[in-house]
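Shown next, in structure tokens, is the structure this report addresses.
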Amino acid sequence: MAAVVDGGEPTRVMVAVNESTIKGYPHASISSRGAFEWTLRKIVRSNTTGFKILLLHVQVPDEDGFDDIDSIFASPEDFRRMKHRDNMRGVHLLEYFVHRCHEIGVACEAWVKKGDPNEVICFEVQRVQPDFLVVGSRGLGPFQKVFVGSVSEYCVKHADCPVMAIKRSTALTPQDPADD
């Protein structure tokens, strides 16, 4: 793979990352951590100046739009703290990935968006225009996809750039494959 595109610019690789469904924030999912590490090992390798990693985390709002149903709010400050905490959750998740990029010396940018991961990832691809997108895949069967959905499959079909879906290791697959 060419590490530098027209004009000497580094190859821009967007990696979509998400939180673990087992451990929650700030732990990365098995699939997204695996896809990220695969990108570093197999794409970047030792050519750290030839690449820039673009890390996107999409926070999924609670279905009813209210994550803190059991919380008590007695002042406007309580709501500000809740919003600040939610923003910090995504930042803490990205901290691991940014730290890893800096450890090996590869340039990176990271940001958090809220919404449906399918739509947000494809919108961000269109906005940022990376050279390609890397997403993790749980490797769910057709029956499981009906209930859980597949962000990686959606991105492969709809993103405006080449997409690499990296299957998670079978050795790391939890008892319930829908977990990540």
Side-chain angles (χ1 to χ4, degrees), residues 1 11-44 51-67 86-98 100-101 108-180:
M1 168 164 286
T11 299
R12 295 162 20 102
V13 181
M14 182 181 280
V15 181
V17 298
N18 64 322
E19 82 279 1
S20 169
T21 60
I22 300 168
K23 295 180 180 180
Y25 284 106
H27 303 282
S29 71
I30 298 165
S31 299
S32 63
R33 185 181 289 230
F36 172 76
E37 293 295 338
W38 183 91
T39 301
L40 296 182
R41 268 191 334 275
K42 299 293 186 178
I43 302 294
V44 174
F51 293 91
K52 183 172 189 176
I53 306 295
L54 308 170
L55 299 156
L56 169 64
H57 169 57
V58 181
Q59 284 183 328
V60 180
D62 198 20
E63 269 187 34
D64 60 8
F66 201 70
D67 293 327
D86 287 349
N87 289 337
M88 292 310 296
R89 287 173 29 181
V91 169
H92 289 307
L93 173 69
L94 290 172
E95 185 177 20
Y96 164 79
F97 297 103
V98 170
R100 279 288 289 131
C101 287
C108 69
E109 290 179 12
W111 66 102
V112 179
K113 293 287 185 176
K114 286 189 178 187
D116 178 310
N118 294 331
E119 295 170 10
V120 173
I121 293 169
C122 289
F123 177 82
E124 289 297 294
V125 162
Q126 192 173 36
R127 184 182 72 80
V128 175
Q129 299 183 349
D131 296 299
F132 64 97
L133 169 66
V134 177
V135 291
S137 172
R138 292 175 286 181
L140 299 177
F143 180 73
Q144 292 162 321
K145 285 180 188 175
V146 169
F147 295 103
V148 181
S150 174
V151 173
S152 58
E153 191 173 298
Y154 185 90
C155 290
V156 166
K157 291 179 181 176
H158 297 95
D160 287 342
C161 72
V163 179
M164 297 177 81
I166 309 302
K167 285 186 189 177
R168 78 176 158 198
S169 164
T170 53
L172 298 176
T173 301
Q175 188 172 8
D176 181 350
D179 283 337
D180 200 27

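Heavy atoms only: backbone and side chains are in, while hydrogens, waters and symmetry mates are out.
With sequence neighbours left out, the salt bridge (charged side-chain N to carboxylate O under 4.0 Å, His left out) criterion links E95 to no other residue. Partners of R41 under the salt bridge (charged side-chain N to carboxylate O under 4.0 Å, His left out) rule, at least two apart in sequence or in another chain, do not exist in this structure. The salt bridge (charged side-chain N to carboxylate O under 4.0 Å, His left out) test applied to E37 returns R100, not counting sequence neighbours. Residues passing the side-chain contact (heavy atoms from CB on, under 4.5 Å) test with F97, sequence neighbours excluded: V17, A28, S32, F36, L55, L93. Applying the side-chain contact (heavy atoms from CB on, under 4.5 Å) rule to Q129 yields no partners; only residues at least two apart in sequence or on another chain are considered. With sequence neighbours excluded, no residue satisfies ring pair (Phe, Tyr, Trp, His ring centres under 6.0 Å) with H27. Under the salt bridge (charged side-chain N to carboxylate O under 4.0 Å, His left out) criterion, K113 pairs with no residue at all, not counting sequence neighbours.
Atom CE of residue M164 and atom CG of residue L133 lie 10.5 Å apart, to the nearest 0.5 angstrom. The CD atom of E109 sits 11.0 Å away from atom SG of C101, with the distance rounded to the nearest 0.5 Å. Considering SG of C161 and CD of Q126, their distance stands at 10.5 Å, rounded to 0.5 Å. D160 contributes atom CG, which lies 12.5 Å from atom CD of E124 (distance to the nearest 0.5 angstrom). Distance CE/M14 to CG/D131: 11.0 Å, rounded to 0.5 Å. Here E19 contributes atom CD and S29 contributes atom OG; the two are 8.0 Å apart, rounded to the nearest 0.5 Å.
The two residues G90 and H57 have their closest heavy-atom pair at CA-CD2, 3.8 Å. When all heavy atoms of P117 and V60 are compared, the pair lying nearest together is CG-CG2, 3.6 Å. Annotation for N118 and S150: closest pair OD1-O, 4.2 Å, computed over non-hydrogen atoms. The two residues A159 and V163 come nearest to each other via the heavy atoms CB-CG2, 3.7 Å.
Side-chain contact between V13 and V44: absent, with no pair of heavy atoms (C-beta onward) separated by less than 4.5 Å. V112 is listed as a side-chain neighbour of Q59, based on a closest heavy-atom distance under 4.5 Å.
Heavy atoms from other residues, nucleotides or ligands lying under 6.0 Å from OH of Y154 number more than 12.
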* Asked: side-chain contact (heavy atoms from CB on, under 4.5 Å) between W111 and L54: does it pass, once the steps are laid out?
  -> CA-CA 8 Å; W111 66 102; L54 308 170; 3.9 Å; yes
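Identified under the salt bridge (charged side-chain N to carboxylate O under 4.0 Å, His left out) test for residues 26-36, with sequence neighbours left out: none.
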